[in-house]
Amino acid sequence: MTLATQVKHAAFDALKHLFTEVSFDYAHITVNQTKPEFNGNYTVVLFPFVKQLRMKPDELGKKLGEYLLEKNSLFSAFEIVSGFLNLTVKDEWCTSYLLNHFTEISFGRQCKADCRVMVEYSSPNTNKPLHFGHMRNIFLGAAMSDILKANGKQVIKANLINDRGIHICKSMIAWMWYADGATPQSTGTKGDHFVGDYYVRFNDAYKEEVKGLIAAGRDEKSAERDAPIMMAAQDLLRKWEAGDQQVRDLWAKMNGWVYEGFDVSYKRLGVSFDKVYYESDTYLLGKKIVEDGLRKGVLFKKDDGSVWIDLTDDGLDQKLLLRGDGTSVYITQDLGTAVLKHGDYNLNQSVYVIADEQNYHIQVLKLILKKLGEPCAEGIYHLSYGMVELPTGRMKSREGTVVDADDMMAEMVNLAKEQTEAAGKTDGFSGAELDKLYETIGMGALKFYLLRVDPKKKMIFDPKESIDLHGFTATFIQYAHARICSILRKENLALVPDATAFQSLPTGVELSPLEKEMILNTEQYPAILADAADSYNPSLLCNYSFQLAQQFNSFYDVHSISKAESEDKKQLRLMIVIHTAAILRHAMGLLGIRLPEKM
RNA sequence: GGUCCGGUAGCUCAGCUGGAUAGAGCACCAGCCUUCUAAGCUGGGGGUCAUUGGUUCGAAUCCAAUCCGGAUCACCA
């Protein structure tokens, strides 16, 4: 039980015992952390009960405070300030908590049965390389997977690759017409960029053709429809669907190039998947579900043979599920894939990391599955995140305004290198160690930057301003960690020392305000971790870790550890920083951010 | 037009299941390195929490209306 909960219980218990004739609602008890300008650690708000008890707040506070001090071993003092009961937690409680926990390196809930959850993320198209927006998706998905794991879930990380459709045919036709047999190998180009270049090439050629047709007197619509390169791409798609071997071979070859490129990016991003689904395998799924739905009368057929569901009673629209010619649409295959996933892993929960532009789509998907009586419907959760935009608006691949993921990673690592060198902090590292350090700092900064904002909110990234390595950043947390490691090195202690080294600590040692704050702050980590999982919000770990590192820096500035006033104090402070470092490593580790021991 | 999301310091964001004088970071100003890493610490200026009304002991937080911005409402994916 968290300390805050214990305080709440204690207050509830005190109210019940002091006023036996009145019944209280536990939910009305508000316990907050005491504001720094007042004495105390936790505060009980008295106002909710003054009316019920016909008592002045201060009078009630005095009664409660005295009762708690006498009957409850948690508190050493209380103070009443205008309707707030500020309670001071005993130093003994804090030191004893620290003694019991400081060697922990694993935090979170134990795994329970029946908690298999799939997290689908990344889910790229195979016609272009990954960009900044994908990175937000990927970091969110990877972080959420690890956060859920740390909270007792069995997680299956899945990637659903959109490897078929008109977009890849566009790259294919451009390659056929313009490449003259060039390959990633022959040009020394990363495979996904190579294919992406032909996608751009397609769009350039297409634009030219449309312009030409319009100049020749065609209207815009028909020009867009009849441009030769577009017609050729659509022809390719038809051949692909018919199973034309030559087309399939080229398609497989070009997708192969893309996957080679993606693998390189994924590796550097530090993410992986347990299961990869390909839309070329799943795009025909869902039809059977639709037929069942027709039989059950949940769906209906229009005169042209198209199949629909009426969601107007739920405040939505009618939605097409099958075209008149019997072919499926996007949502049809999503229905099929949802059922497939559920069957593959007997899932209790299925998380979709998808941008908020698809909020409506997922809402409809879930609703349809529910109406069809599919058991997977209930477990669907849309981890909806805001798009990453440039100061000029949305990124447009066709206008070349996308911030490329590979470029961005290289830039960040380079920035880390520049700043490390500028600060003159390269002494004592080998060349390979430095490269690793730059990677740790650069990638850490990038991940933190994209994860520190509430996923729901859209974010604006200005490529002209490099991502900062000061302030609310991973670098700040890494630096605090490196400082702690430096102290431990000096004391010849391991990062996770044996508890026996510290058994001499008497619990009676008096705590300074900063020492106490640090301990009380670390006590909150498990609750924050649980909250991050329950609210699907990794940014909570960023906020918490930054605040903890910040507090450590103040602590570090005021209190010497190796030259502490007494041996007891030294032992105590060592325990505090060991525990702090372990929490920072754990929290950042869940976000895929490494903390160096030296920087 | 319907639905949904957002609007907090110059900028980027916390706080939103109601609680004390609304907090961080960046930027700006002033201090702090013979002492465990100054990628740090301390202090300062900077706010009509979009607007108006309501609920109440108490509202950035809840409700209503309005204004502004975005997403979505395809036989696209």
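Note: hydrogens, waters and symmetry copies are ignored here, and every other heavy atom, side chains too, is used. These numbers come from a predicted model, not from an experiment. Just so we're on the same page: letters track the sequence lines, and every chain starts at 1.
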Rounded to whole Å, please give me the gap between [atom1] in [X] and [atom2] in [N].
X      : N     : atom1 : atom2 : answer
A/R164 : B/C76 : CZ    : P     : 12 Å
A/F472 : B/G15 : CZ    : C1'   : 13 Å
A/Q33  : B/G15 : CD    : P     : 14 Å
A/I477 : B/G25 : CD1   : C1'   : 12 Å
A/E491 : B/U37 : CD    : P     : 11 Å
A/D531 : B/A14 : CG    : P     : 15 Å
A/N543 : B/C13 : CG    : P     : 13 Å
A/N125 : B/A77 : CG    : C1'   : 7 Å

If you measure from the [atom1] atom in [N] to the same atom in [M], how many Å do you get, rounded?
N     : M     : atom1 : answer
B/U66 : B/C28 : P     : 43 Å
B/G53 : B/C13 : P     : 30 Å
B/A20 : B/C63 : C1'   : 25 Å
B/U8  : B/G1  : P     : 24 Å
B/G54 : B/A60 : P     : 15 Å
B/A24 : B/G47 : P     : 15 Å
B/U51 : B/G7  : C1'   : 11 Å
B/G10 : B/G45 : P     : 15 Å

Could you check whether any side-chain heavy atom of [X] comes within less than 4.5 Å of a side-chain heavy atom of [Y], counting everything from C-beta outward?
X      : Y      : result
A/L450 : A/M459 : yes
A/M443 : A/R594 : no
A/K425 : A/M599 : no

* Which residue lies toward the 5' end of RNA chain B, A/V81 or A/R452, if each is placed at its nearest nucleotide? ->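 Of the two residues, A/R452 wins.
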* Asked: Does A/E279 or A/Y449 map to a spot on RNA chain B nearer the 5' end, using the closest nucleotide for each?
  ->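 Whichever sits nearer the 5' end wins; that is A/Y449.
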* Asked: Taking N and O atoms by type only, does the side chain of A/N127 place a donor or acceptor under 3.5 Å from a partner on the base of B/A77?
  ->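 Side chain to base: no pair present.
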* Side-chain donor/acceptor contact of A/T43 with base of B/A20 under 3.5 Å ->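 Present.
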Parallel, tilted or perpendicular: ring planes of [X] versus [Y], cut at 30 and 60 degrees:
X      : Y      : value
A/H134 : A/H131 : tilted
A/F546 : A/F476 : tilted
A/Y26  : A/F12  : perpendicular
A/F552 : A/Y556 : tilted

* Asked: Quick one: what's the B/S/- string for nucleotides 69-75 of chain B, heavy-atom cutoff under 4.0 Å, read 5' to 3'?
  -> --SSS-B
* To do: Can you check each nucleotide of nucleotides 38-45 of chain B against protein heavy atoms at under 4.0 Å and return B for base, S for sugar-phosphate only, - for none, in 5' to 3' order?
  => SBSSS---
Within a radius of less than 6.0 Å around [atom1] of [X], do more than 12 heavy atoms belonging to other residues, nucleotides or ligands occur?
X      : atom1 : answer
A/E220 : CD    : no
A/K370 : NZ    : no
A/K436 : NZ    : no

* Asked: Reckon A/K456 has a side-chain N or O less than 4.0 Å from the OP1 or OP2 of B/C5?
  ->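 Negative; the distance criterion is not met.
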* Would you indicate, yes or no, if B/C5 has its OP1 or OP2 atom less than 4.0 angstrom from a side-chain nitrogen or oxygen of A/K457? =>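 False: A/K457 side-chain N/O out of range (4.0 Å or more) of B/C5 OP1/OP2.
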* **Anti or syn - B/C16, cut at 90° from 0** =>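 Base orientation relative to the sugar is anti.
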Applying a 4.0 Å non-hydrogen cut-off, can you work out what [X] is touching in the nucleic acid: base, sugar-phosphate, or nothing?
X      : result
A/Q363 : nothing
A/K490 : sugar-phosphate
A/P57  : nothing
A/H481 : nothing
A/V45  : base

* Any donor-acceptor N/O pair, A/T34 side chain to A/Y42 backbone, under 3.5 Å ->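 Looks like yes, one N/O pair under 3.5 Å.
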* Aromatic-base stack, A/F546 on B/A24, cutoff 5.5 Å, angle under 30 ->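 Whether judged by distance or by angle, A/F546 falls short somewhere, so it does not stack on the base of B/A24.
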* Is it true that A/E515 and A/K569 have a side-chain N and a carboxylate O under 4.0 angstrom from each other? ->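 Here A/E515 pairs with A/K569 in a salt bridge, since their nearest N and O are under 4.0 Å apart.
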* So, A/K570 and A/E565, do they make that salt bridge, N to O below 4.0 Å? ->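 Result for this pair is no, no salt bridge flagged.
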* Structure fact -> Here RNA chain B, pairs taken as Watson-Crick or G-U under 3.5 Å and shown with ( ), [ ] when crossing and | when to another strand, reads ((((((((.[[[[.)...(...]]]].(((((.......))))).....[[[[[..)....]]]]])))))))....
* Asked: Among A/D568, A/I578, A/I561, which one satisfies side chain to side chain contact (heavy atoms under 4.5 Å, CB included) with A/R573?
  ->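 Output: one option passes, namely A/I561.
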